[in-house]
Amino acid sequence: MAGRRIPLQLSGCFLLFLTFASNAHAQQPETWAELWSEADAYVPLKPSMRLNLIGGTRTASESSYLQWFEGAQVNFQLKQVNREHRPHYDSDKENYFVFGVGYQFWQTTQEQKNPSNENRVLIEGTPRFYPRYGLLLSDRNLVELRFINGEYSTRYRNRLTLERAFLVHHLRFDPYAWGELFYDTRYDSWVQNQYSFGVQFQFKRHWALDGYYLHQNTSHSTPNHLNVAGLTLNVFLGN
């Protein structure tokens, strides 16, 4: 039964992407180029519990737009992987299911506009599958309880990620690709999608550098489209 659910979910996400793309195409498009930078630290608390600390910025080349964020999340790692595979330095990926609860603060500033503040409470569940050929498939389900300038709303995000680890002359690197859909209760519709591909390189036991390209389509805000170059530094304490 598990083998049947995955293709159905993939095809469902594909259909939603097609529907969203046709709606977005009818709008007057506006595309920005942005740079996203982030630093994440992962601290083990217990053998199956971990604290994730994040912070980062987002800037646009077309305007004075600046967004920064910071937050923390506690992850509970359930049902450890028991099949043969190349071990991951990210301990979350050594488990078939991870449940997390967290908080983030976001602030957006732009010239001639008042700053926008957002508080997010996060509830996350991520099942993982090892289909074949060393591949890892992750299905992140994220619920965000959002307070944007004091107004409450809820957003659901579903991200499917496919990745594989390689080791060449002691260099560990993990290429990946993912797609994500956003459902926003403010509009009672699927309002945004993203897709991305990149590579994460591991340095020694504690460091990993993640470089990626991301494209975003949005139907209810401006700009409608983003092309993003991103860089994330990961620090895995206790590895």
Side-chain angles (χ1 to χ4, degrees), residues 1-14 16 38 40-54 71-104 120-145 154-167 172-183 194-202 204-208 210 212 232 234-239:
M1 292 296 294
R4 295 180 181 178
R5 284 196 296 267
I6 298 171
L8 286 174
Q9 191 171 32
L10 287 170
S11 56
C13 285
F14 179 69
L16 283 171
E38 186 174 336
D40 301 341
Y42 304 94
V43 184
L45 301 178
K46 292 182 179 180
S48 59
M49 187 167 68
R50 190 176 76 175
L51 174 65
N52 302 346
L53 304 172
I54 72 166
Q73 180 167 313
V74 176
N75 280 2
F76 301 89
Q77 301 165 340
L78 309 172
K79 198 176 180 182
Q80 192 170 20
V81 174
N82 56 10
R83 62 178 296 176
E84 185 178 351
H85 68 288
R86 176 165 287 150
H88 287 273
Y89 44 89
D90 183 344
S91 60
D92 275 359
K93 296 178 182 179
E94 289 296 308
N95 294 267
Y96 286 117
F97 186 79
V98 173
F99 174 78
V101 179
Y103 166 80
Q104 293 178 1
R120 298 180 184 177
V121 177
L122 311 177
I123 303 172
E124 179 180 329
T126 306
R128 290 184 170 87
F129 311 89
Y130 284 85
R132 279 186 176 183
Y133 310 114
L135 296 172
L136 172 59
L137 179 64
S138 304
D139 179 19
R140 190 188 74 169
N141 297 271
L142 176 61
V143 176
E144 298 174 328
L145 311 180
T154 304
R155 186 166 66 178
Y156 168 70
R157 302 167 57 172
N158 180 252
R159 176 189 292 182
L160 285 172
T161 304
L162 187 65
E163 60 186 286
R164 191 186 191 282
F166 293 90
L167 186 64
R172 165 71 180 259
F173 60 97
D174 297 44
Y176 63 85
W178 57 256
E180 185 169 19
L181 295 166
F182 297 67
Y183 184 90
Q194 296 176 345
Y195 61 84
S196 177
F197 56 86
V199 182
Q200 189 174 81
F201 295 92
Q202 182 188 11
K204 299 187 181 293
R205 290 182 298 173
H206 301 286
W207 303 85
D210 186 356
Y212 60 90
T232 301
N234 302 276
V235 184
F236 297 93
L237 302 176
N239 273 9

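Just the heavy atoms: all of them, side chains too, but no hydrogens, waters or symmetry mates, feed the values below.
One finds the CZ atom of Phe173 at 12.5 Å from the CD atom of Gln202 (value rounded to the nearest 0.5 Å). Between atom OG1 of residue Thr161 and atom CZ of residue Arg159 there is a gap of 5.5 Å, rounded to the nearest 0.5 Å. One finds the OH atom of Tyr176 at 10.0 Å from the CZ atom of Phe197 (value rounded to the nearest 0.5 Å). Put simply, CG on Asn52 and CG on Asp92 are 6.0 Å apart, with the number rounded to the nearest 0.5 Å. A distance of 10.0 Å separates CD in Glu180 from OG in Ser196, rounded to the nearest 0.5 Å. Taking OH of Tyr89 as the reference point, atom CG of Asn234 lies at 7.5 Å (rounded to 0.5 Å).
Nearest heavy atom pair, residue Leu237 against residue Pro44, reads O-CD, 3.0 Å. Across every non-hydrogen atom of Tyr96 and Asn82, the tightest pair is OH-OD1, 3.2 Å. The nearest pair of heavy atoms linking Pro131 to Leu135 is CD-O, 3.4 Å. The two residues Phe76 and Met49 have their closest heavy-atom pair at CE2-SD, 3.2 Å. The minimum heavy-atom distance linking Asn95 with Ser91 is given by the pair ND2-O, 3.0 Å. The two residues Phe182 and Arg157 make their nearest non-hydrogen contact at CE2-NE, 3.0 Å.
A side-chain contact (heavy atoms from CB on, under 4.5 Å) with Leu122 is found for exactly one of Leu145, Val101, Val143, Leu142, namely Leu142.
Side-chain N/O atoms of Asn75 and Gln73 include a donor and acceptor closer than 3.5 Å.
Considering only residues two or more places apart in sequence or on other chains, Tyr212 meets the ring-ring contact (aromatic ring centres under 6.0 Å, His included) condition with none of them.
Using a 4.5 Å heavy-atom threshold, the side chains of Gln200 and Glu163 count as separate. Side-chain contact between Phe236 and Arg50: present, with at least one pair of heavy atoms (C-beta onward) separated by less than 4.5 Å. Looking only at side-chain heavy atoms (C-beta outward), Asn158 and Tyr183 stay at 4.5 Å or farther from each other. Trp178 has its side chain out of reach of Leu162: every pair of non-hydrogen atoms, C-beta onward, lies at least 4.5 Å apart.
The backbone N or O of Val98 sits nowhere less than 3.5 Å from a side-chain atom of Arg128 that would complete a donor-acceptor pair. A donor-acceptor distance shorter than 3.5 angstrom exists from the side chain of Asn141 to the backbone of Asp139, with no hydrogens or angles considered. Side chain of Glu94 to main chain of His88: a donor-acceptor pair is present (N/O by atom type, distance under 3.5 Å, no hydrogens or angles).
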Audit row: Leu51, Tyr42, side-chain contact (heavy atoms from CB on, under 4.5 Å) steps and yes/no: CA-CA 6 Å; Leu51 174 65; Tyr42 304 94; over 6 Å; no
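Because its NZ or CZ atom is not both nearer than 6.0 Å to the ring centre of Phe97 and within 45° of the ring axis, Lys79 does not count as a cation-pi partner of that residue.
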